[in-house]
Amino acid sequence: MLRLHDTATGEVTELRHRTPGQVSMYVCGPTVYDAPHLGHGRFSLVFDVLRRYLLFSGLDVTYVSNITDIEDKIIERAASRGITPTELTDHFEAVWWEAMDALGVLRPDEAPHATDYVDRMVALITELMNRGVAYEASDGVYLSVLDVPGYGLLARQPLDSLRAGARVESAADKRSPLDFVLWKKAKPGEPTWESPWGRGRPGWHTECVVMSLDLLGDGFDLHGGAIDLIFPHHENERAQAVALGRDFAHHWVHNGWVTVDGEKMSKSLGNFTSLDDLLTRSDARAYRLLVLRSHYRSPIEVTPETVTDAESGLARLDEMARRFGLPDLLASGPVVDGAVAGSFDAEAVSRFRDRMDDDLDTPGALAGIFDLVRQANASADDGDEVAAGRAAGTVGLLAAALGLPLRGEVSTETDPVGADLVRRRDEAREHRDWTLADQLRDELMALGWVVEDGPEGTRIRRP
RNA sequence: GGCGGCGUGGCCGAGUGGUUCAGGCAGGGGCCUGCAAAGCCCCGUACGGCGGUUCGAUUCCGCCCGCCGCCUCCA
């Protein structure tokens with residue numbers, strides 16, 4: 001049974017399933033006004049791994065993740081580029097999915113857009129008004145947080161301290177500085193929708209309430225996102241649900257930062273690396289491995305060194321996969337424990353699940369996988385093909401459970417130049433002409449090949 | 001100011017009151033190899049500082065130092 005840290009309680013508790021055998025999860029997606037950076041990549045990978053692990057465990061998972069396509073930054077960015085907000089969001093949504101595909105992140109079952117839910121947001125705000133917890137001010141409609149029991153639960157701060165820290169807002173007629181906007185009244189040049197309070201657009205915190213409840217229903221199991229969403233975004237989502245008397249998310253899961261030189265990576269600090277930058281420089285699987293090497297709640301430091309480190313680890317896995325000719329188990333979708341043909345080390349799988357069940361201890365799970373790699377190679381060196389094959393196959397299975405496909409296919413390079421050099425090198429080695437053989441190897445390496453001599457002769461492959 | 005997190009061997013990064021352990025990367029030695037590469041075997045006696053609790057603390061408590069985050073848009 002999976003136990004996960006719950007931000008609402010601060011404790012690691014069992015993930016409840018509203019319906020036995022099924023898990024409903026909602027993960028806050030991106031605001032598509034710019035290209036995704038490493039932080040977006042991390043949260044996407046973390047929740048992808050959580051989702052895949054639930055699937056691996058034999059559960060049905062409904063995964064909803066939204067696209068925020070109406071928001072201040074979108075309007076500003078579009079204006080500065082002289083294009084419409086829709087043109088901007090269409091573009092960056094396409095960029096988003098491209099990056100997700102490159103990372104091997106499964107597409108959500110549903111990816112609702114805020115702009116498709118405006119009427120339902122208006123309905124929700126109306127109900128909050130009817131209940132007397134929302135009020136109209138000069139520039140919009142606000143939720144009165146003082147009327148929401150337990151406000152501050154996720155922030156884990158008493159209301160007073162939140163209030164003390166709140167910045168004075170522009171709207172002079174807000175009842176409390178903590179009250180947050182549900183509906184923004186129209187300003188010139190902005191996209192607007194009709195509402196009982198005049199034309200305008202929804203505030204950010206309402207869309208996720210509406211979309212999660214609409215697509216997953218009341219009392220869904222898990223709501224996730226990066227740590228910075230805890231306050232105010234998730235706090236405010238929860239406040240609306242509470243004010244409506246509706247059962248909201250039962251488990252709150254938040255992942256830690258990507259840092260650079262120990263500092264939070266963010267667009268406002270300007271120290272971010274775009275996902276695209278990383279993916280053109282490095283194997284996307286290396287970033288998944290890098291993310292998995294740390295606990296999801298810890299900060300991860302992404303530097304050229306840590307990326308190289310992860311690449312080396314990945315190469316070790318691939319090398320083993322090649323040695324044993326492992327198939328790509330992810331070619332046909334996520335893997336489910338017990339549904340994959342082959343001989344596996346049941347104890348190792350059990351240890352893996354123990355690690356994962358313990359608040360998604362991916363570092364521990366990976367340690368077990370690397371142990372199996374060593375076992376597989378050692379057994380093969382000893383000539384125990386059965387044990388070796390089982391250990392190697394288990395590595396493939398468990399890596400796949402984490403969404404990490406291994407490159408096990410034997411190289412079928414047909415490059416004529418390379419093949420010719422290999423043939424000449426094999427001849428030279430047969431004649432014990434080591435000088436020529438070394439020279440040919442240098443040529444191959446200069447062409448970018450990895451050269452390995454085995455009992456059957458020289459093999460080359462791309463690194 | 002309020003709230004919270006972190007400080008582990010060259011680097012990354014787990015974990016635990018005490019005989020042996022994470023794991024990865026890098027490094028050293030060895031085996032294998034014509035030489036390599038890959039692989040295997042062996043090697044590092046680390047836990048910010050000062051006290052306290054204890055037979056014994058990296059692990060528990062207190063204080064201190066340093067770093068980071070949230071309280072404002074932010075993944």
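Chain naming here is simple, since letters A, B, ... match the order of the sequence lines and numbering starts at 1 in each. Given the structure is predicted, the values throughout are model-derived calculations rather than measurements.
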Exercise. Ignoring backbone atoms, test whether A:R156 places a side-chain nitrogen or oxygen under 4.0 Å from the OP1 or OP2 oxygen of B:rG2.
Key: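 False: A:R156 side-chain N/O out of range (4.0 Å or more) of B:rG2 OP1/OP2.
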
Quiz prompt | Under-4.0 Å side-chain N/O to phosphate OP1/OP2 contact, A:S298 with B:rA14 | solution =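 Indeed, a polar side-chain atom of A:S298 lies that close.
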
Practice problem: Take atom CH2 of A:W449 and atom C1' of B:rA38, then tell me their distance rounded to the nearest Å. | Solution: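 Result: 18 Å.
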
Exercise. Rounded to the nearest angstrom, tell me the gap between atom CD in A:E263 and atom P in B:rC70.
Key: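 The answer, rounded to whole Å, is 10 Å.
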
Select base, sugar-phosphate, or nothing to describe what [X] touches, counting heavy atoms under 4.0 Å on all strands.
X: A:M320; value: nothing
X: A:E319; value: sugar-phosphate
X: A:P30; value: nothing
X: A:H233; value: nothing
X: A:D371; value: sugar-phosphate

Between [N] and [X], counting only base atoms on the nucleotide and side-chain atoms on the residue, is there a donor-acceptor pair under 3.5 Å?
X: A:D381; N: B:rC32; value: no
X: A:D309; N: B:rG24; value: yes
X: A:D438; N: B:rG34; value: yes
X: A:R322; N: B:rA38; value: no
X: A:K73; N: B:rC74; value: no

Quiz item: Cut-off 3.5 Å, side chains only: do A:H233 and A:E237 have a donor facing an acceptor?
Solution: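 Present: a donor and an acceptor within the cut-off.
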
Quiz prompt | A:Y26 ring center within less than 6.0 Å of A:Y63 ring center | solution =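 Not under 6.0 Å, so no.
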
Quiz item: Is there a donor-acceptor contact under 3.5 Å from the side chain of A:R285 to the main chain of A:P405?
Solution: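 Answer holds: yes.
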
Quiz item: Ring of A:F43 versus six-membered ring of B:rA75: centres under 5.5 Å and planes under 30°?
Solution: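 Not stacked: fails the 5.5 Å / 30° test.
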
Quiz item: With respect to A:D34, which candidate in A:R81, A:K73, A:R77 satisfies the salt bridge (charged side-chain N to carboxylate O under 4.0 Å, His left out) definition?
Solution: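 Between A:D34 and the candidates, salt bridge (charged side-chain N to carboxylate O under 4.0 Å, His left out) is satisfied uniquely by A:R77.
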
Quiz item: On a whole-Å scale, what distance lies between the P atoms belonging to B:rG9 and B:rU59?
Solution: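 Those two atoms are separated by 15 Å.
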
